[in-house]
Amino acid sequence: MVNLTIDGKAVTAEEGTYILQVARANSIDIPTLCYHQALEPFGACRLCTVEITSRGRKRLVTSCNYPVEEGLEVSTDSEAVIKGRRMILELLLARCPNVPLIQELAKSYGIEKPRFKLEDDNCILCGLCARICEERMGVSAISFSGRGLERKIDTPFHVNSEICQGCGACAFVCPTGAIKLEDITAKEPRPILSEFNVGLNPRSAIYVPFPQAVPKVPVIDREVCIHFLTGNCRICENFCQAGAINYDQEDEIIEAEVDAIILASGFDLYDPSAVEEYGYGKVKNVITAMQYERMISASGPTEGHLERPSDGKTPKKLAFIQCVGSRDTHHKLYCSSVCCMHATKEAILANEHYPDLKAFIFYTDMRAVGKKFQEYIARAEQEYNVTYIRSRPSKITENPDNGNPIVWYEETTARTRTSMEVDMVVLCQALIPSGSTKDISDMLHLSLNDYQFVDIPDRLFHPVDTEIPGIFACGFCQAPQDIPDSVVQASAAAARAAEFLSKED
Amino acid sequence: MAVPRIGVFICHCGTNIGGIVDVPQVVEYAKSLPYVAHAEANMYTCSEEGISSIKHAIKEYDLNRVVVASCTPRTHQPLFRNACADAGLNPYLFEFVNIREHCSWIHMQNRREATEKAKELVKMGVAKARWLDAQEEFESDVYPAAMVIGGGVAGMSAALNLANQGFEVHLVEKEPELGGRLLKLNRIFTINKDPRELVESIVKAVAGHSKIRLHMPAVVKAASGYIGNFDISVDEGGKEVSFKVGVIIVATGAQVLKPELYRYGELANVLTQLDLEQRLKDDKLGEFQNVVMINCVGARIPERPYCSRVCCMTAIKNAALMKEINPEAKVYVLYRDLMTYGVEFEEYYREAKGAGVRFIRYTPSNPPQVIGTEKVESVRVYDELMGMELELPCDLLVLATPLISNNDSEELSKMLKVPIGDGGFFLEAHIKLRPVEFAMDGIYVAGSCRWPADIRESIAQGYAAASEAAIPLRQGLVKVEAITATVDPKICKGCGTCALVCPFDAIELKESEIRGLEGKIVSEVNTALCKGCGLCAAACPNGAVQQRGFTDMQLLSMVNALSGKR
Amino acid sequence: MKATSEEVQTRVKKLFEDGSIGHFIGYETGSDSLRVTPCFLKSGQAASRLVWNPLCANNLSKYLLDFKNVEGKVGIMVKGCDSRSVVELLKENQIDRDKVFIVGVPCSGIVDREKLLEVLGVSPGEVVAVEDDGDAFVVTLKEGKQRVDKEKALRGECLVCKYPTPVVYDVLLGEAVSSLPWVGDDYSLIKEQEALSSEEKALYWNRELSQCIRCYACRNICPVCTCSECIFDKKAPRWITKANDVSENLVYHLVRAFHVAGKCIDCGECERACPMNIPLRSLNKKVEKDLLELFDYTAGIDVEQQPPLTTYKAGDLDDFL
Amino acid sequence: MQDNKEVKTEFKPKILAFCCNWCAYAGADLAGVSRFQMPTDVRVIRVMCSGRVPPELIIRALANGLDGVMILGCHPGECHYSEGNYLTRRRAHVLKRLLSYIGIEPDRFQLGWVSAAEGAKFAAVVKETTDKITALGPNRWVDKK
Amino acid sequence: MVKQTKSRIIEKNRLTELLDKLAHDYHLIAPVRDNNVSFRRVESGSEVTLDYINTVLSPKNAFFPQTETLFRFSRDDSRGFGIEEQDDEADREQVIFGIRPCDARSLRLMDMVFNGQYKDSYYLNRREKTTLIGLACFDPAETCFCPTFGIDPASGEDVDILFSDIGDRYLVEASTEKGAALLDRFAEFFAELRGDEEQLREARKAGLAGMKKLDVKAIADKMAPLYEGDYWDSIGMKCLGCGICTYLCPTCHCFDIADVSLDEGGERFRCWDSCMFPEFTLMASGENPRPNRKARVQQRFFHKLKYFHDRNGELACVGCGRCIKYCPVNIDITQIIEDVTSGKAGNE
């Protein structure tokens, strides 16, 4: 271990570490633009300059690549340091006058306008992009080119790179936003979309699936993780202070002998782009109910604010379309059972968030059959500015001027075909048995019905018993149902299993 | 007592609270309160993350009291108490503050005042927390038997399931026959079979089960006690029978409304669906050519706003049957919304349509008119979808009426101390998450007495209730929340006021055996009998009797905190 | 016939002699001729100190609490009102009926010292003795005798007394008095108060209660305030601070009135003890009136009757939200 | 979303409500779940039974200067503990009259019955009580100078 | 000591006017009839009553209020505390009009406590800023026994100015500089003596002739052996343990200190306490060295008749008779004094 002082504070550090690292570990801030924890220090931006006193001699060094030594005295804010930094920043600001980060840094050192001639560059030549591409990604798709004033970051021959793997690390580390992936790669950059937020926002390859995940630990998506694809990167390892990243983890097969099985494999969402007339995927401001749920959720991508996809504006007029794929001879014949009520809930929530918001619900039959449901509908109409329109819209088009969706439908009372322009449309799509229902049923040799729900031979008198004794099914995997019905079935399945197990005794 | 170190956790509950109440401001405020050692905000305090945050903070800040300001203690209190226990803190050193149901949700239009109110509620919670004491829970045995009230399909399923699990069951049915409302039906929808032959096998299994003691015809006359220990008395054909059970399942069903609409009871050819089923069963229907059925008769109206869930299907079933009996007949179903939710119902509906039943939508603002003097001649209806008025010839008008609560529900509710909600149906502990439990421990509910349910749903609920009831039965003992009364024998003057007001005879005057007080007559609480109502504590003139978790000190501190006193 | 001091003395002496009692609580002449003071006897020898006259205001029943653990029976002298507080003590298990020997004396009213002096226009030193003579008091002054109409010189509670004869006793000295001729509507004063506006009432009671010095004499003398440790003496929870402030006084007096609700038998001791002349009976009387009207309850009549606030009828008045 | 109400200096009463766990508190919860909007002036203290609330607390609260106090419990006959609310009712009768006798307006102390299913009634009771007390103005019985 | 600097008279019909003036210029405290006659701050002369022998509460309240704020504190957001300066009430000049010589003497006894080893600035400040106008006592009550303690009820020994009611006018005598200054300031109300004043006063003093005067010379010594023994049993039995005697007593001076803590701050106050109350000596452990009424009543008389004397050379009683008059069970200090001095107390 090495003993030194930073700004008069005595600290100890491991041999071979750099001043910048030690200072950070001791909560002493040193500004830098080109340092990155995952990369070798480079000393390019020189912003991290500090003054050291070594063997009685004072001098300025870059702290990112100056190793600590015994008895070293470091000053991170001496007059000389500040003066040096000010000059560096003044030069940087002259080079990149439009980069907010540089503007802020300069301002914090009292520089509003540089004395030098202004250029219009965004790149500060810190080299982070090239370094990460080479050092961690093993690709070297970009590098410095030219000399002196001509020096810049570029791909070979200024053409979009074929070897670029499109990982985006360069853009990610760029402190000024100068790097644009589309200028570099020959591939089409595609974000990894968050499954939990139904594609509303991207996620990284290592991620926590959703805020209330249990257990709440990150997982690595091996399908897209660069390390699993190329063996490179491993940057996450550098950042995890707990040292918890384990690239060698494998799925574990747990064998358990059981006498009874309860199936509760739930539902998936029917892809509404199959209902072409509603324009999902084409009309930007048509979203699904689940996307809407994520949007209005405080832990969702917009932190509870409604922002329509086309321009992020808060919609004032919302349309909910019921039976999108349900009760439809071209799609699913059955009624998904829960959409009437969740649309109503969503409309109420929207109005609670934005009291001047108006929602229209286009429905076929308003199936409010549960406890207090009718009252709920009545309150939605009376207190939350919700209007129910009994009509099945024929199509949804887009107003090209403003991106507003237009809902075409038949006004039943006036018996005229009419349209309504709204700010956003929410499609309450059909719910379907989850894919895993099929997988597990195949495994257990359970029959599925026409709609891929688990078949219950005696639905009336044995509502949770499958055709195989000892196997029970509850919830959406056997029929569409809402929360209380699912809870009832879950308890019922447990009761039947308990009964079954008692018989075994 | 160690100096209180209170940790305050304030939940955003997504935007439920955070969207209205300025949570960071409340956190800052909480930090300024006496004895608060730590305060923080959580997105969801009940999440894995929130819980681990509580546990972490207990250790990190050496907390000895925890206050969570979030939703209602009626659902989440056990979760947070367990979190405290996991971190080594006695779970009774936890206090709940409700800033969602009691604040953000009811003051959505006034964020400033909602925030101020939240602060005050937190202040009161912190003031109470300062005086919390560690408590031990009392455990009591569960008598390993259940009573099921109601011998319909829900009750029988529950009884059979519990009996098959090996528990003794007392099944109390007021009619002389098992089967309930089902027996009155002609056919069962979606499978169109005679209910009697279907229910037969269940009845047989119930009647022949060695673990099931059938009380029939019988009504419950008295019930007292609590989870694990109910004393029941039933009137069984004039004879009083008493027994003991650990749990109770209420499955008393519902009845069908007889309407005062569409000239029912006045004209001979106006029937309810149930009447129709009876005629079909009795084979007394006679000739018919034009049948009109009207749905939502007496339902979804201001005085009875709910949808009774099963009537649409009944109408479709009988409409199809009419068509089957007389394919030449014209059968119309006048409806408002067709509640054919799910898979089978929707199919069944399509089949009926395919069989030629005509469905016509009407609106309540423009209801069907019955034409005829001696009998119904025709029905005039405005078809909303066609946009025209129709006059339908009619020689048989059938009204689909809702299920309404049974007349004896109210009496039962008072006897068992379980609540009744809208429409006279029993009120479950949580409408979504605890559908077959009552808020009172040890009592469960299933079937149409809770809410109109069809056979499949009633049976599932019967099983579900059995599943919940089996938990304490299997565990064999229950823990009593440590909110029971205590007596300070030094202060007690033995006046017996507490004993007089105790509804459970849990307090007795006894000679003290405590050293220094030998021979002094003082009150003593039998914790096994005490239900934690606190009547005694309120009646005690000098504060010798206290209710744990609701002591004078704790309540007064809250009142003082609200008044700006510290 | 009315009981006389001599009768009391003879009877008490005899009770000691035949072993019926081991202690006796009665009255003796006080430090001037218009005062009596409690007298505690352990034997019959000093029985001659005992007196019984219209000055015997003190309700002695509270002293029974001090004799819980003595050997033998305790004899006590009770008037009508005092006997009713004995009933309340019995109800609350504060005394054992078998350990108490009750010497009842019918009472035709007790002198209000200040009123009497006012009517006579003399100082107490002038008065030699006061005797009961039906509807008047006969006052022996240093110079001559004077009759004073009882209604002019009675204590307030005696003006509305409905139980002049003890309701419980082992021996009754003198003839029972069934009713007192001057007693009419016992709640007329309360009704007058009730008719005032809230502002007037608040003003009135604010003024009255702000005079309280919280000496606790009203509580300590009250025969049905039996707690060994009063909630107002507790440090935690602290229901009131010692600060003599009208809000604290309010809490004290309202809670006091509530704590004796259904137990107060209107012996008037609280008001008599109050050095600040606060009309304390008014609060108790108000509660008494309501209990009678609402629940048909009168305190101190029947040991078997359950206290009104520990029981209920399903059909009790319900005019709440 | 913006505050609809302007910040005004008008009198805002401070009202305390003791709610029993089984009925009134559940009713208040239901009012919340149902999003019934109501005045912000009431603060709830949960007790297991309305019968737990001793008169001392009510008196103390009013003497502390709170503008109103409510006890809300199960409807008569529906007490979770059989008879707690009946005792509460008796006490409340006496207390209400006593308070009125010394000049604390009867509306400042209310007893009410709210079942677990009566979210709307809870909101109505809160509104009614708040309105009445607002009309009465501040509790000036104890006017500390 | 008593140095008569000035004698004047005031016509009775001008008294109200004088009091009006005093009330205007000073914080005037005078007897007022409410439920009882008590000393109270008055705004005008017409509120004042002089028709009383002695007030229920002695005027000690004016120097040692039943509840007195010692200081206030405020709390700021950073949880800091700030002590606020005392309000200017404490600095007001006050006049007490109508104090009886016995009560005036009690202040001398209180001074021994509050101006003894520890100086109580609150009390002393008020004392200094107060001018006492006494009212000579010519019609004592049955319960009065101030001569026992060498007090002349018609003298101005312990006041700044003495008013003596001599029929149609008051004889007004200043006995201190402070008193003389006040007389000068309001000279317009006062007239020169007419000459018959002393004679009229003597005539009125006749009423004092039969006053009770007990022999208390050796009482402190005679108390000592009574510490043990059963003399106090029957008194303790009778005693209700209320605070009347101590609160009404002009010489009792025990107090308690407590805080009022509010969100925004609070105050520390002191208030009268009474040795008659059980919690007076209750310790945090729950132990109480004076566990019963007998112990407490005994303490009270020992303090008055012995301990105070041992410490200050005076008995802590001025013979005002309040405790006798107001004791609801007729415990009479004069009887106790007689029992003790006569030796009866030891022989029961």
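Remember, predicted model here, so these are calculated numbers, not experimental data. A note on names: the letters A, B, ... follow the listed sequences, proteins ahead of strands, and every chain is numbered from 1.
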Quick one: what part of [X] sits under 4.5 Å from any heavy atom of chain D, side chain, backbone, both or neither?
X        : answer
B:Leu427 : side chain
B:His102 : side chain
B:Asn16  : side chain
B:Met124 : side chain
B:Gln546 : side chain
B:Phe96  : neither
B:Ile483 : side chain
B:Ile420 : backbone

Cation-pi check, [X] onto [Y] ring (under 6.0 Å, within 45° of axis):
X        : Y        : result
B:Lys128 : B:Phe550 : yes
B:Lys531 : B:Tyr226 : yes
B:Arg81  : B:Tyr92  : yes

**Prompt:** With only heavy atoms counted, which part of D:Glu56 is less than 4.5 Å from chain B, the side chain, the backbone, both or neither?
**Reply:**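 When you check distances to chain B, only side chain atoms of D:Glu56 fall under 4.5 Å.
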**Message:** Need one label for D:Val44: side chain, backbone, both or neither, based on atoms under 4.5 Å from any heavy atom in chain B.
**Reply:** both
Measuring only between side-chain heavy atoms, which start at C-beta, is [X] closer than 4.5 Å to [Y]?
X        : Y        : answer
D:Arg60  : B:Leu556 : yes
B:Ser70  : B:Asn98  : no
B:Arg548 : B:Thr551 : no
D:Arg52  : B:Leu535 : no
B:Val545 : B:Thr486 : no

**Message:** Taking 4.5 Å as the heavy-atom cut-off, does anything in residues 20-36 of chain D contact chain B, and if so which residues?
**Reply:**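 Residues in range: D:Asn21, D:Trp22, D:Tyr25, D:Ala26, D:Ala28, D:Asp29, D:Ala31, D:Gly32, D:Val33, D:Arg35, D:Phe36.
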**Message:** Determine whether a donor-acceptor pair (N or O, by modelled atom type, separation under 3.5 Å) exists between the side chain of D:Ser100 and the backbone of D:Lys96.
**Reply:**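 It does not hold such a pair.
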**Message:** Let's test your reading of the structure: which of B:Val559, B:Val418, B:Val501, B:Asn560 forms the most heavy-atom pairs below 4.5 Å with chain D?
**Reply:** B:Val559
**Message:** Only pairs of heavy atoms separated by less than 4.5 Å count here; which of B:Gly549, B:Gly532, B:Pro419 has the most with chain D?
**Reply:** B:Gly532
**Message:** Surrounding CD of B:Glu410 (heavy atoms of other residues, nucleotides or ligands, distance under 6.0 Å), is the total greater than 12?
**Reply:**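 No - once you tally the heavy atoms of other residues, nucleotides and ligands closer than 6.0 Å, there are 12 at most.
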**Prompt:** For atom NZ of D:Lys127, is the number of surrounding heavy atoms from other residues, nucleotides or ligands below 6.0 Å larger than 12?
**Reply:**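 Atom NZ in D:Lys127 is not packed in, count stays at 12 or less.
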**Message:** Can you tell whether the side chains of D:Lys121 and D:Glu128 come within less than 4.0 Å, N to carboxylate O?
**Reply:** no
**Message:** Just so I understand: if I count every heavy-atom pair under 4.5 Å between each of D:Arg46, D:Arg43, D:Lys14 and chain B, which residue has the most?
**Reply:**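 When all of D:Arg46, D:Arg43, D:Lys14 are compared, D:Arg43 has the most.
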